[in-house]
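Quick notes on the structure that follows.
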Amino acid sequence: MVEDIVDPRRQEPSYDLGERAMLEAWLDFHRTTLMLKCEGLDEETRKRRPVPTSALSLHGLVRHMAEVERGWFRRCLLREDVPFIFYDPEIGEDSDFMPLDTAEWESDLAAWLAACEAARDAAASKSLEDTGERRGEPVSLRWIYTHMIEEYARHNGHADLIRELLDGSVGW
């Protein structure tokens, strides 16, 4: 049986929180889960792609989620024109995942953590009904939170499998 990851930095939300508190707590739960999946490995191991047909690595997932945080909370919700930090639109799909040859874990981790903090700040002054814009369509903060929880949950599943393939470590 696979056990839960037990770490004081990761708390499952209470069963009876209000809507906003619940959404924020689940998003932070999943952010922390990704961080924990990356801990305890050296820089080269975090860059490894244990499934040869996939672009996914733990390091790449952190870079990707930095872009996702910036995209939804800053570009969409706040309608800021912030540049990409890892994704290259000229290269396109997977360019935030790889190549990682010159990527440095500490600076990329710091960029992701900063993107998470900027996302919290962006959402703090907005109501769940407030909207940003995505592809010319209004999108509510409620939808953004729900999507971000889904995005992290999906990628944390990837991270769980990647980590198991790298060193046998399991847990969710």
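Starting from 1, each residue takes its place in the sequence as its number. Atoms considered below: every heavy atom in the structure, side chains included; atoms not considered: hydrogens, waters and symmetry mates. Please read all numbers here as calculations on a predicted model, not as lab measurements.
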Run the salt bridge (Lys or Arg N to Asp or Glu O under 4.0 Å) test against R70 and tell me which residues pass, sequence neighbours left out.
none
Please identify each residue that fulfils salt bridge (Lys or Arg N to Asp or Glu O under 4.0 Å) with D167, with sequence neighbours left out.
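For D167 the salt bridge (Lys or Arg N to Asp or Glu O under 4.0 Å) partners, ignoring immediate neighbours, are R163.
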Just grab all the side-chain hydrogen bond (donor to acceptor under 3.5 Å, both in side chains) pairs involving residues 102-125, residues at least two apart or on different chains.
D28-R120, H59-D108, R63-D108, W112-Y152, E117-R120
Quick one: pull up [atom1] in [X] and [atom2] in [Y] and give me the separation to the nearest 0.5 Å.
| X | Y | atom1 | atom2 | value |
| --- | --- | --- | --- | --- |
| L23 | I144 | CG | CD1 | 11.5 Å |
| R46 | L61 | CZ | CG | 12.5 Å |
| H64 | E69 | NE2 | CD | 10.5 Å |
| E151 | H30 | CD | NE2 | 12.0 Å |
| K37 | D160 | NZ | CG | 3.5 Å |
| E137 | T131 | CD | OG1 | 11.0 Å |

Minimum heavy-atom separation for [X] to [Y], with atom names?
| X | Y | result |
| --- | --- | --- |
| E43 | A103 | OE2-O, 3.3 Å |
| R20 | A123 | NH2-O, 2.5 Å |
| L77 | A122 | CD2-O, 3.9 Å |
| S95 | D88 | OG-N, 2.8 Å |
| A66 | A115 | O-CB, 3.7 Å |
| S14 | M22 | O-CE, 3.4 Å |

Supply the members, apart from F84, of the Ile/Leu/Val/Met/Phe/Trp/Tyr cluster built from side-chain contacts under 4.5 Å; use none for a lone residue.
Y87
Keeping the roles fixed (side chain from R9, backbone from T32), state whether a donor-acceptor pair exists under 3.5 Å.
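Checking the backbone N and O of T32 against the side chain of R9, no donor-acceptor pair under 3.5 Å is found.
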Mark yes or no for whether D94, through its side chain, and F97, through its backbone, hold a donor-acceptor pair below 3.5 Å.
no
For D81, check side-chain contact (heavy atoms from CB on, under 4.5 Å) against everything at least two apart and list the hits.
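Partners of D81 under the side-chain contact (heavy atoms from CB on, under 4.5 Å) test: none.
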Under 4.5 Å between side-chain heavy atoms, counting indirect links through other Ile/Leu/Val/Met/Phe/Trp/Tyr residues: same cluster for [X] and [Y] or not?
| X | Y | answer |
| --- | --- | --- |
| V82 | M148 | no |
| L41 | L36 | no |
| W72 | F86 | no |
| L100 | I85 | no |

For R49 and S54, test the side chains for any donor-to-acceptor distance below 3.5 angstrom and give the result as yes or no.
no
Is the closest side-chain heavy-atom distance between L56 and L161 below 4.5 Å?
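No. Closest side-chain heavy atoms not under 4.5 Å.
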Within the supplied structure, the quantity of interest is the number of heavy atoms (other residues, nucleotides, ligands) at a distance under 6.0 Å from E93 CD; does it exceed 12?
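No, the 6.0 Å shell around CD holds no more than 12 heavy atoms from other groups.
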Carboxylate-amine/guanidinium contact R48 E44, below 4.0 Å:
no
Ion pair check, E67 and R75, cut-off under 4.0 Å:
yes
Candidate list E19, E24, E150, test side chain to side chain donor-acceptor pair (under 3.5 Å), partner Y145, passing option
E24
Taking only residues two or more places apart in sequence or in another chain, which ones pass ring-ring contact (aromatic ring centres under 6.0 Å, His included) with H158?
H155
